[in-house]
Amino acid sequence: MAKSPEVKLAVFGRAGVGKSALVVRLLTRRFIWEYDPTLESTYRHQANIDDEVVTMEILDTAGQEDVQQKESHMRWGDGFVIVYDITDRGSFEEVAPLRSLLEEVKKPKNVPLVLVGNKSDLEHVRQVGTEEGERLAAEMACAFYECSACANEGGTVAEAFHELCREVRRR
Ligand code: GDP
Ligand code: MG
């Protein structure tokens with residue numbers, strides 16, 4: 001039997017945007033309100049994607065790393081989820097610099113990436129418009145998802161990770 005493919009995914013974004021909540025949602029289909037914000041963990045997760053079992057190794061970064069640590073996480077990963085919080089404009093402004101660092105570390109390779117705007121359940125305190133996220137993703141030539149780790153309507157969280165796996169496997 002052919003060995004099932006393995007992809008290494010790293011999740012980046014400012015502390016507090018919901019990286020851990022998204023990863024826990026993907027793994028358990030549950031939402032856990034409080035997660036140690038300084039915790040950095042890796043998880044293994046299997047999913048059936050387009051009739052193929054894919055094993056994801058997922059690095060949930062803390063979001064407070066210095067540049068050296070970020071670079072080493074970037075060298076480790078095959079694909080990247082960059083998360084911002086739609087209620088925190090500052091977190092959105094951190095996306096482009098992260099992308100630049102990724103390009104720098106991975107060059108000349110093209111970096112498989114998805115952009116996620118999290119906390120879409122908090123519409124009433126939104127600071128970043130959906131169109132702004134779409135525009136940024138278009139500039140970065142990557143897929144874009146708005147989602148909520150706590151509501152997860154339509155299974156968007158898994159969809160984002162699965163699309164990233166496809167993107168990695170296409171390269
Ligand atoms: P991390 O630092 O990026 O790993 O962020 P966490 O996963 O620890 O989440 C930070 C805070 O945001 C916690 O209080 C979570 O409960 C909350 N949170 C995470 N995702 C969502 C979401 O989709 N909606 C709402 N309302 N809160 C969220
Ligand atoms: Mg975390």
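Index from 1, following the sequence. One-based numbering, in listed order, for ligands and for the atoms of each. These numbers come from the heavy atoms of this one structure, side chains and all, not from hydrogens, waters or symmetry mates. Just so you know, these numbers come straight off a predicted model, no measurement behind them.
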Colleague: If the cut-off is 4.0 Å to any non-hydrogen atom of Val17, which atoms of ligand 1 fall inside it?
Modeller: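 Close to Val17: 3 (O), 5 (O).
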
Colleague: Would you check the N or O atoms of Cys147, main chain and side chain alike, for any that come under 3.5 Å of an N or O of ligand 1?
Modeller: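 Checking ligand 1 against Cys147, no N or O pair falls under 3.5 Å apart.
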
Colleague: Where does the angle between the aromatic ring planes of Phe12 and Phe80 fall among parallel (under 30°), tilted (30 to 60°) and perpendicular (over 60°)?
Modeller: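 Geometry flag for Phe80 against Phe12: tilted rings.
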
Colleague: Do Leu9 and Ile82 belong to the same hydrophobic cluster, where Ile, Leu, Val, Met, Phe, Trp and Tyr are linked whenever their side-chain heavy atoms lie under 4.5 Å apart, directly or via other members?
Modeller: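 No, it is not one cluster - the side chains of Leu9 and Ile82 are not joined through contacts under 4.5 Å.
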
Colleague: Taking 4.0 angstrom as the limit and counting only heavy atoms of Ala149, give me the atoms of ligand 1 inside it, by number and element.
Modeller: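 Matching atoms, with element in brackets: 20 (N), 22 (C), 23 (O).
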
Colleague: Give the atoms of ligand 1, by number and element, whose distance to some non-hydrogen atom of Ser148 is under 4.0 Å.
Modeller: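 Here the atoms of ligand 1 in question are 23 (O).
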
Colleague: Using only atom types and a distance under 3.5 Å, with no angle test, would you say the side chain of Lys119 pairs donor to acceptor with the backbone of Gly18?
Modeller: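 No; zero donor-acceptor contacts below 3.5 Å.
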
Colleague: From Glu123 CD over to Ser148 OG, what is the distance, rounded to the nearest 0.5 angstrom?
Modeller: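 Answer rounded to 0.5 Å: 11.5 Å.
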
Colleague: Gly13 near ligand 1, heavy-atom distance under 4.0 Å?
Modeller: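 It does not, in that no heavy atom of Gly13 comes within the 4.0 Å cut-off of ligand 1.
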
Colleague: Please determine whether Ser20 has a backbone or side-chain N, O or S atom lying under 2.8 Å from the Mg ion (ligand 2).
Modeller: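 True for Ser20.
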
Colleague: Answer with side chain, backbone, both or neither: which part of Leu122 has a heavy atom less than 4.0 angstrom from an atom of ligand 1?
Modeller: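 Only the side chain of Leu122 comes within reach of ligand 1.
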
Colleague: With the threshold set at under 4.0 angstrom, would you say Gly63 reaches ligand 1 through any of its heavy atoms?
Modeller: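 Under 4.0 Å: no for Gly63.
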
Colleague: Stepwise, does the side chain to side chain donor-acceptor pair (under 3.5 Å) test hold for Ser41 with Asp60?
Modeller: CA-CA 5 Å; Ser41 314; Asp60 172 24; 5.3 Å; no

Colleague: Is the closest N or O pair between Ser20 and ligand 1 shorter than 3.5 Å?
Modeller: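 Yes; the residue has a nitrogen or oxygen that sits under 3.5 Å from a nitrogen or oxygen of the ligand.
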
Colleague: Any idea which atoms of ligand 1 are less than 4.0 Å away from a heavy-atom of Ala21?
Modeller: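 Per the distance check, 7 (O), 19 (C), 20 (N).
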
Colleague: Evaluate Arg171 against Glu167 for salt bridge (charged side-chain N to carboxylate O under 4.0 Å, His left out), listing each step before the verdict.
Modeller: CA-CA 7 Å; Arg171 305 301 163 93; Glu167 196 56 40; 2.4 Å; yes

Colleague: Heavy-atom contacts under 4.0 Å between Asp121 and ligand 1: side chain, backbone, both, or neither?
Modeller: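 The side chain, only.
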
Colleague: Does any N or O of ligand 1 fall below 3.5 Å from an N or O anywhere on Lys119, backbone included?
Modeller: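 It does: an N or O of Lys119 is found under 3.5 Å from an N or O of ligand 1.
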
Colleague: What do we get for Val24 next to ligand 1 when only non-hydrogen atoms under 4.0 Å count, side chain, backbone, both or neither?
Modeller: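 It is neither; nothing of Val24 touches ligand 1.
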
Colleague: Do Leu22 and Leu113 belong together in a cluster built from hydrophobic side chains that touch within less than 4.5 Å?
Modeller: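 They do not share one cluster, since no chain of ILVMFWY contacts under 4.5 Å joins Leu22 to Leu113.
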
Colleague: When you measure from atom 6 (P) of ligand 1 to each heavy atom in Gly18, Ala151, Ser41, Ala15, which option holds the nearest one?
Modeller: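 Nearest option to atom 6 (P) of ligand 1, by heavy atoms: Gly18.
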
Colleague: Do Val81 and Val168 belong to the same hydrophobic cluster, where Ile, Leu, Val, Met, Phe, Trp and Tyr are linked whenever their side-chain heavy atoms lie under 4.5 Å apart, directly or via other members?
Modeller: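 Same cluster.
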
Colleague: Answer yes or no: are there more than 12 heavy-atom neighbours, outside Glu153 itself, under 6.0 Å from its atom CD?
Modeller: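 Not buried by this count: 12 neighbours or fewer within 6.0 Å.
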
